[in-house]
Amino acid sequence: MPQPKVKLVVTGDDFGYCERRNQGIVDCFKTGGISNVSLLVNAVSAEHAAELAKRNHIPIGLHANLSEGLPVSQDLKGSTLLNKDGFFHGKMGFREVLQCGQLKMSEAELRAQVNRFCELVGHVPYHMDGHQHVHVLPGNKVREVFAQVLSDFGITYTRVPIEPGLKFCTFLPPHLRDFNEQVEKDALESIEVFHRYGIRWPDIYLGLSTMGKNMSVPNLKRAFGFTLEASLDDGVTSSLIQSTELMVHPGYPSQPHQGGCGEGPDDFSQSADRLHELNTLRDPFVLNYYRQQRIHLCAFKDF
């Protein structure tokens, strides 16, 4: 067989969010659409997800969550990580509290989530990143604390969400372009920190431009085209196998009041966007494209 050109980790995020999401992710894995999953241990169906991963031999890592729902640690009373009702501040709320200088980062919750992962799954995560990209955020040493916890537990891999060609994705709405631009800026600044702690990540990241209804066969091909172009721009010879992570969110839509991380499911989870991603990822055209381009699906544990 010809040597693979690219090693591709397709990671299904938010595993554990609800049982319908879990089943959709498993179905996607079985048909070859994803090769890796990322578990939310504070989600209501985390235990169900862990059992499915064991039963189906799905490679699994930790989607550390500091932005949605209830904490795992019992030692966060009065923590600035939580609002007055005891929940995390939310995707944008976390960033707002951080920007105002009112958030004091603590290792306690991250350590509790890694330990909970080990209880559920039976081993240390093969990789660990942050739900809604909070792991690359600055201020009060957010990314530094993530890096320290990764290092302490011997978790080698994380995610650095810098997507080649993102600036050319003019089809994205302005609010999403602004958010993605900030994510990339934070990710670029996180590289020095993760390097210092000996943390690694795949050569290329994809996924900001292909979420929800923006995922399509042409868009995936476009993203991979920029991947190959970026590898050439970086002076990498074609004889080397590049590692790439594609972040995805497949699943069956959540039912109202079912799922989430303690506050119920969000709008994205209840929308048809998850099912759209699921169907696109297992589309025969996508799977054939991988074979034609010698893109080999694998997992973080294979590195």
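Here the structure is a predicted model, which is why all the values come from computation and not from measurement.
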Take N36 and T11 through the side chain to side chain donor-acceptor pair (under 3.5 Å) test and state the conclusion after the steps. CA-CA 5 Å; N36 194 76; T11 302; 3.2 Å; yes
Test Q23 against D27 for side chain to side chain donor-acceptor pair (under 3.5 Å), laying out the working first. CA-CA 6 Å; Q23 190 57 56; D27 290 349; 2.9 Å; yes
ring-ring contact (aromatic ring centres under 6.0 Å, His included) between H127 and F300: does it pass, once the steps are laid out? CA-CA 7 Å; H127 62 96; F300 281 100; 4.3 Å; yes
Criterion side chain to side chain donor-acceptor pair (under 3.5 Å) on S269 and R20, from CA distance to verdict: CA-CA 10 Å; S269 182; R20 285 175 58 79; over 6 Å; no
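Surrounding NE2 of H257 are at most 12 heavy atoms belonging to other residues, nucleotides or ligands under 6.0 Å away. Heavy-atom neighbours of D267 CG from other residues, nucleotides or ligands within 6.0 Å: at or below the threshold of 12. Other residues, nucleotides and ligands contribute over 12 non-hydrogen atoms within 6.0 Å of the CZ atom of R177. Residue-environment remark: CD (Q99) stays at or below the threshold of 12 foreign heavy atoms within 6.0 Å. The number of heavy atoms from other shown groups lying within 6.0 Å of CD (E119) is above 12. Counting non-hydrogen atoms of neighbouring residues, nucleotides and ligands closer than 6.0 angstrom, the CD atom of E189 exceeds 12 such neighbours.
For the pair S67 and H89, the minimum side-chain heavy-atom distance is 4.5 Å or more. Contact of the V217 side chain with the K221 side chain is registered, since non-hydrogen atoms from C-beta on lie closer than 4.5 Å. With a 4.5 Å cut-off on side-chain heavy atoms, V114 and V149 count as touching. Looking at H249 and M211, their side chains come closer than 4.5 Å, going by heavy atoms from C-beta outward. With a 4.5 Å cut-off on side-chain heavy atoms, L166 and E184 count as touching. Side chains of E277 and V248 form a contact here, defined as non-hydrogen atoms less than 4.5 Å apart.
The minimum heavy-atom distance between P265 and S254, with the atom names listed, is CB-CB, 3.9 Å. Counting all heavy atoms, side chain and backbone alike, P202 lies closest to T158 at CD-O, 3.8 Å. M105 approaches L110 most closely through the heavy-atom pair CE-CD1, 3.9 Å. Nearest heavy-atom pair across L246 and T210 is CD1-OG1, 3.9 Å.
Not a single donor-acceptor pair under 3.5 Å links the side chain of N42 to the backbone N or O of P71.
Between H133 and Y205, the two ring planes are perpendicular [angle over 60°; tilted spans 30° to 60°]. Taking the six-membered ring where tryptophan is involved, the planes of F303 and Y157 are tilted, since the angle between them lies from 30° to 60°.
No chain of hydrophobic side-chain contacts below 4.5 Å, direct or via other Ile, Leu, Val, Met, Phe, Trp or Tyr residues, connects L40 to L76. Each of V10 and Y17 belongs to its own hydrophobic cluster when Ile, Leu, Val, Met, Phe, Trp and Tyr are linked at side-chain heavy-atom distances under 4.5 angstrom. Residue L150 is grouped with residue V121 when hydrophobic side chains (ILVMFWY) are merged at heavy-atom distances under 4.5 angstrom, including chains of intermediate members. Placement of L220 and F29 within a single hydrophobic cluster is found when ILVMFWY residues are connected by side-chain heavy-atom separations under 4.5 Å, directly or transitively.
One distance of note links CG of D178 with NE2 of H175; it measures 9.0 Å at 0.5 Å rounding. Distance check, rounded to the nearest 0.5 Å: CZ of R116 to OG of S73 gives 13.5 Å.
Of the charged side-chain nitrogens involved, at least one lies within less than 4.0 Å of a carboxylate oxygen, so that R159 and D13 count as a salt-bridged pair. Taking the charged nitrogens against the carboxylate oxygens, E192 and R196 do have a contact shorter than 4.0 Å, which makes a salt bridge. Ion pairing between D302 and K7 fails under the 4.0 Å rule for side-chain N and carboxylate O.
The only option from V136, V134, V193 that meets the side chain to side chain contact (heavy atoms under 4.5 Å, CB included) definition with F146 turns out to be V134.
Both cation-pi conditions hold for K91 and F179: the charged atom is under 6.0 angstrom from the six-membered ring centre and inside a 45 degree cone around its axis. A cation-pi geometry, defined here as NZ or CZ lying under 6.0 Å from the six-membered ring centre and within 45° of its normal, holds between R274 and F268.
Q182 and D186 share a donor-acceptor pair across their side chains, judged by distance under 3.5 Å alone. A donor and an acceptor atom, one from each side chain of S45 and N22, are nowhere located under 3.5 Å apart.
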